[in-house]
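Before any comments, here is the structure.
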Amino acid sequence: MAFQLRPDESVTHGFQRLARKELKSTRGGLGKSRPPGDEPIHEARKSVKKVRAILQLIDDDGGSGLGGVEKRLRSVSQTLSGLRDRDVMMETLAQFRARHPPLFDEHTFARLHRDLAARKRDAIKTAGRKDIWKTVDRKLRAVRRDAKRWRLEHSGLKAMTRGIRAAHRRGRQALKRAKKRQRASDFHTWRKEMKALWYALRLVEESGRYVRRDIRALHRAETLLGDEHNLVVLCEELSSDRTICRGPVEIDRLRLLADRDQCRLREKAIAAVRHVYERRSGAYASDVERACKTWHRHTRSGGARGRRRAAA
């Protein structure tokens, strides 16, 4: 089932239902084998991000019942990211070489790929020795149990509106800082805030074509900045250990070409969501709320025909 609220359920119940579903799926995927494969880890990361987005919406509304939950999920996310990042670095290296063939010859590329793969294997072995997977499962189980106690401060769509307004405002502020400073860390922060808005809008995706348009734009921009961040991580990994990237000349060439790619990706990301963030946050959230009310009203009164009309 899609990551969406149902028009016939309360927002509180919808948040609880979706969070528990994602956490159940995460535990099931990670528990199929030890250690988990690449795909279960990737899917688990996405599910945890969805649940954290729900927590942020509840917190933005001044909700309750969240004690200790974010800390547990952050710990799980860090564990999963540390393993997934190894795969991403190898993928990014291959893509980077495809864009810049003269940068690495066959021997150098094979050596770099081999060294990154060895680091991935070491990270997985370390996780197994420390019995990290049992700890991860225990934390996920505790969060799923606690989800029954999550409560919003406001009822109805007002709670969603407050969260969307807050996410949009944080995104606008993060974008402003990133454009001014041009730091990789600031663009990464903007990406996280943009992703929070993306998840929030996905919850009400069926409310109208303008919402779906913004969902597509945010996803494109977030993906571009994800590629940009992956370049940052790759460069840091390769330049931090001289046994991987040999000599300052090789490192400098890598950084120069990576900087050019980063600038291009940032410009495309900004352009993709300009229409989203040029609006004031209050007005943006109010428009989404009106679209949701129309969708709910038509769905409840007109059945399938109403749903089609509201989504048009």
### Task
Kindly indicate whether the side chain of Val273, heavy atoms from C-beta on, has any atom under 4.5 Å from the side chain of Trp190.
yes
Sorted by chain and number, sequence neighbours left out, salt bridge (charged side-chain N to carboxylate O under 4.0 Å, His left out) with Arg280 holds for none
Salt bridge (charged side-chain N to carboxylate O under 4.0 Å, His left out) filter on Asp227, not counting sequence neighbours, yields none
Is there a salt bridge (Lys or Arg N to Asp or Glu O under 4.0 Å) between Arg170 and Asp60? Walk through the geometry before answering. CA-CA 11 Å; Arg170 288 192 298 266; Asp60 286 334; 3.1 Å; yes
With sequence neighbours excluded, what pairs up with [X] under the side chain to side chain donor-acceptor pair (under 3.5 Å) test?
X      : value
Arg97  : Glu106
Ser77  : none
Glu205 : none
Lys46  : Glu43

Taking distance alone, no hydrogens or angles, what donor-acceptor pairs closer than 3.5 Å link side-chain atoms of residues 150-157 to residues at least two apart or in another chain?
{"from": "Trp150", "atom 1": "NE1", "to": "Gly65", "atom 2": "O", "distance (Å)": "3.4"}
{"from": "Trp150", "atom 1": "NE1", "to": "Asp146", "atom 2": "O", "distance (Å)": "3.4"}
{"from": "Arg151", "atom 1": "NH1", "to": "Lys148", "atom 2": "O", "distance (Å)": "2.9"}
{"from": "His154", "atom 1": "ND1", "to": "Asp61", "atom 2": "OD1", "distance (Å)": "2.8"}

Q) Can any side-chain N or O of Arg144 pair as donor or acceptor with the backbone N or O of Arg20 at less than 3.5 Å? A) yes
**Report entry** Main-chain N/O of Val276 paired with His168 side-chain donor or acceptor, under 3.5 Å
**Finding:** yes
- prompt: Would you say the side chains of Asp214 and His275 form a donor-acceptor pair under 3.5 Å?
  reply: yes
Going by side-chain contact (heavy atoms from CB on, under 4.5 Å), name the residues that satisfy it together with [X], two or more places apart in sequence or in a different chain.
X      : result
Ala271 : Arg274
Arg27  : Asp137, Leu140, Arg141
Arg145 : Ala142

Residue pairs passing the side chain to side chain donor-acceptor pair (under 3.5 Å) test with at least one member in residues 217-226, sequence neighbours excluded, are Arg191-Glu222, Lys195-Glu222
His100 meets the ring pair (Phe, Tyr, Trp, His ring centres under 6.0 Å) criterion, sequence neighbours left out, with Phe96
- Item | Lys/Arg N to Asp/Glu carboxylate O, Asp85 vs Arg119, below 4.0 Å | no
